[in-house]
Amino acid sequence: MSVVGLDVGSQSCYIAVARAGGIETIANEFSDRLGVCEGGWEEQITHANNTVSNFKRFHGRAFNDPFIQKEKENLSYDLVPLKNGGVGIKVMYMGEEHLFSVEQITAMLLTKLKETAENSLKKPVTDCVISVPSFFTDAERRSVLDAAQIVGLNCLRLMNDMTAVALNYGIYKQDLPSLDEKPRIVVFVDMGHSAFQVSACAFNKGKLKVLGTAFDPFLGGKNFDEKLVEHFCAEFKTKYKLDAKSKIRALLRLYQECEKLKKLMSSNSTDLPLNIECFMNDKDVSGKMNRSQFEELCAELLQKIEVPLYSLLEQTHLKVEDVSAVEIVGGATRIPAVKERIAKFFGKDISTTLNADEAVARGCALQVLSQLFREFSVTDAVPFPISLIWNHDSEDTEGVHEVFSRNHAAPFSKVLTFLRRGPFELEAFYSDPQGVPYPEAKIGRFVVQNVSAQKDGEKSRVKVKVRVNTHGIFTISTASMVEKVPTEENEMSSEADMECLNQRPPENPDTDKNVQQDNSEAGTQPQVQTDAQQTSQSPPSPELTSEENKIPDADKANEKKVDQPPEAKKPKIKVVNVELPIEANLVWQLGKDLLNMYIETEGKMIMQDKLEKERNDAKNAVEEYVYEFRDKLCGPYEKFICEQDHQNFLRLLTETEDWLYEEGEDQAKQAYVDKLEELMKIGTPVKVRFQEAEERPKMFEELGQRLQHYAKIAADFRNKDEKYNHIDESEMKKVEKSVNEVMEWMNNVMNAQAKKSLDQDPVVRAQEIKTKIKELNNTCEPVVTQPKPKIESPKLERTPNGPNIDKKEEDLEDKNNFGAEPPHQNGECYPNEKNSVNMDLD
Ligand code: ATP
Ligand code: MG
């Protein structure tokens, strides 16, 4: 099984793969700067409005989202609204303008990453773990999952960037405190191209718990580039009277140079130049900057770094003294002033034990391994508090309940119990919208269907399981109605069983007030059953029942435990759990039809790309053939084609080259295949003649040696050589006959070949000579290598149990064969022996 970890960053993508021995990263040339023509900055500038970059943050957003509207201003490509109100990205594809959703664009990028991984692993990849910023809301996460689905990638988990980094750190730390010791607190900081994220994690051996995360979703390396661009735009306006912003190509080049300058300033504190030739209107521009000027220019950005750091300490109730280490990752943490700020805030040196670029991808891949080997348990944290709101059954008022507080452990399930006579609606929303970097607080609306009153007209007890799943997405995973079917025995006591199960009787069975409070919060609350693991955070009140659901099967097991009366008591009523359908209406959820259409389109595009690649390969093959042949025709092949054909062929090659740059520039694959065939019709015989002339003498040489060898043995036989006197005469005649025939054949073809010039097709192919050698060997070898029969030694009388003959002697005896020399081995030849055949050699 190979599972890949994918870090799809705003600027760079990394692929890590979990293999038997550990984690490896796979080199890849892609970033989320996805060009339909692929490539980096150079491509982006050349194909300015056809290279899509920085689209990661468009996931799960409406076109009229203020963030999209702001970003739209600075893009080199066009954004337009889609029919469903989503963000449409305009690009040229196969010579035509196309509109793609962000899911489709990310899917194209994932296709490239998948192919890169497959090429490196030499096997198909379907399972993956993809990282997302911890501040991604449900809509953004679902949108990324849809992108994975479009390319047929099975995303086992969407992993928060920081959790991946923490896991990477924890797995390789050998000296973590044991489970009964105080955990070690480590803070992780990631500053990438577009975001700043920080998390505090508690480590024990084999255990990682994310205590809290904080972020600035709009603070990254990109903002530092922007500051530089602004600075130089202003400078060039006064110095050269050039408005860089008026021309996208110039602006992109300036961005590129400013990013380079920014990176250089990380390792140099002296004045550094910025030069761009032919920037605009054929004018060259130049400027300079040093690190302290840069820090001054970016003071406001550097100031912002402390905000999430304070927020992290505040929400986790940690003090800087509690923090054992501060580990930094992400490209932009290489800026010295950024490092200094972080170090100063925590009052300690920062550590860089992880690979700053690959840490996220490695953590994603490790997630799979750690789960597989159950080496490391990871408990993540819910970044934003989530509440549910519902309508009361009989009154017009609403009930609200916070189901997951900020930094609540995740993944996690809770069971809420409602008393209802009919279907009802629940709405999930982020209860602290100010803290969520997304304009919509609503997560989704869920209708619990098929609810009915009990047979006796009483309200039904409906259990609703709410969950933050492994992707960090809120769901209502199941709902069930408890139907009580009275038996003939005492019904009252069975009612008591139910109450005993729920630990606290409803205050008023007729209204929502019977819905129990969770952790003594005020208001009308549903009864909540949560996880035992919670005890480490806050001890559960008596009415809370445990239920952790990391593994779906565990869900079911636990559910049974909750829903069934205690086994010790004899059941007096039958309790039946009826599964209820849930209709979910989620914010920015792609419809099934649309998703299917995207899947189909992606499939077609992959096919189209494959065809396009084949077409290009066919075209390149023609081009290569032209160049290679032209070279060789004036070199090694020259003698193997007659003067007239030589001239004609050279002319044809030049014509083909011209064709490739003119009308043959953009043809169907078949046109190139035909063209190559036409060239090969002339070229192949030349090439063959050349190759044959190289091979033929070697083959004749080999054949000659074999003939000599067998002829010599035949002559020795005739001369009654003791070596061969065990061979039957008739057998030896076969050898002689074969030698004579092959010799005659060889002399004939050699003579005929000698009359041919090099530009004529050969009389005999090297392969035919090879076949002759084989035939000769097949006939002669079995005869001449016949072993001499054994002759018993008169001296060594065997006494089976006699003490004097040991095994070694026996072996020796067999090998020595009493003085007879071993027969010639297959393929041996004796160049010094007298040649008994006449041969013409090439
Ligand atoms: P994100 O995580 O925000 O989506 P990302 O993962 O693609 O983005 P990284 O690859 O971690 O981002 O970092 C890229 C940023 O780091 C770029 O802005 C780049 O200019 C910056 N960067 C890289 N090396 C240096 C350096 N030596 N000095 C300063 N900045 C650097
Ligand atoms: Mg990143």
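Below, all heavy atoms of this structure are taken into account, side chains as well, without hydrogens, waters or symmetry copies. As the structure lists them, so they are numbered: ligands from 1, and atoms in each ligand from 1.
Atoms of ligand 1 found under 4.0 Å from any heavy atom of K56, numbered from 1 in the order shown, are 1 (P), 4 (O). Distances below 4.0 Å separate heavy atoms of G330 from the following atoms of ligand 1: 11 (O). Listed by number with element, the atoms of ligand 1 under 4.0 angstrom from any heavy atom of A332 are 16 (O), 21 (C). Taking a cut-off of under 4.0 Å to the non-hydrogen atoms of K262, the atoms of ligand 1 that pass are 17 (C), 18 (O), 19 (C), 20 (O), 21 (C), 30 (N). Under a 4.0 Å criterion applied to the non-hydrogen atoms of G221, ligand 1 contributes the atoms 18 (O). The S12 neighbourhood of ligand 1 comprises atoms 7 (O), 10 (O), with distances under 4.0 Å to a heavy atom of that residue. Of all the atoms in ligand 1, the ones that sit under 4.0 Å from a non-hydrogen atom of A195 are 3 (O). When each atom of ligand 1 is checked for a heavy atom of G9 under 4.0 Å away, the hits are 4 (O), 5 (P), 6 (O), 7 (O).
A salt bridge between E259 and R253 is absent, with no side-chain N of the basic residue lying under 4.0 Å from a carboxylate O of the acidic one. A salt bridge links R334 with D357; the closest basic N to acidic carboxylate O contact falls under 4.0 Å. Look at E358 and R362 and you find a salt bridge, because one of the NZ, NE, NH1 or NH2 atoms lies within 4.0 Å of a carboxylate O, short of that distance. Under 4.0 Å is where a charged nitrogen must lie from a carboxylate oxygen, and between D225 and K262 at least one such pair does.
For a threshold of 3.5 Å applied to N or O pairs, the pair formed by E259 and ligand 1 contains at least one separation below that value. Any N or O atom pair closer than 3.5 Å counts here, and G331 shares at least one such pair with ligand 1.
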For this session: Go through the steps to decide whether N275 and D284 satisfy the test side-chain hydrogen bond (donor to acceptor under 3.5 Å, both in side chains), and finish with yes or no.
Result: CA-CA 7 Å; N275 298 316; D284 300 345; over 6 Å; no

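Proximity of the aromatic rings of F236 and F279 is defined here by a centroid distance below 6.0 angstrom, and this criterion is met. For an aromatic pair to be called close, the ring centres must be under 6.0 Å apart, and Y169 with F203 satisfies this.
Using a 4.0 Å cutoff on heavy atoms, D357 does not count as a contact of ligand 1.
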Under 3.5 Å, side-chain donor or acceptor atoms of residues 295-307 against the rest of the protein: list the pairs with distances, not counting sequence neighbours.
unit_1	atom_1	unit_2	atom_2	d
E300	OE1	K227	NZ	2.9

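The nearest protein atom to atom 29 (C) of ligand 1, hydrogens excluded, is given as S266 OG, 3.2 Å; this is a heavy-atom distance.
Checking K260, Q11, K222 against atom 15 (C) of ligand 1, the nearest heavy atom belongs to Q11. Between the choices R57, R334, H193, the shortest heavy-atom distance to atom 18 (O) of ligand 1 belongs to H193.
Looking at S194 against ligand 1, both its backbone and its side chain come within 4.0 Å, counting heavy atoms. At a heavy-atom cutoff of 4.0 Å, ligand 1 is contacted by both the backbone and the side chain of K263.
Residues E71 and F67 form a side-chain contact, since some pair of their non-hydrogen atoms from C-beta on lies under 4.5 Å apart.
In this structure A195 satisfies the side-chain contact (heavy atoms from CB on, under 4.5 Å) test together with R57, F135, sequence neighbours excluded.
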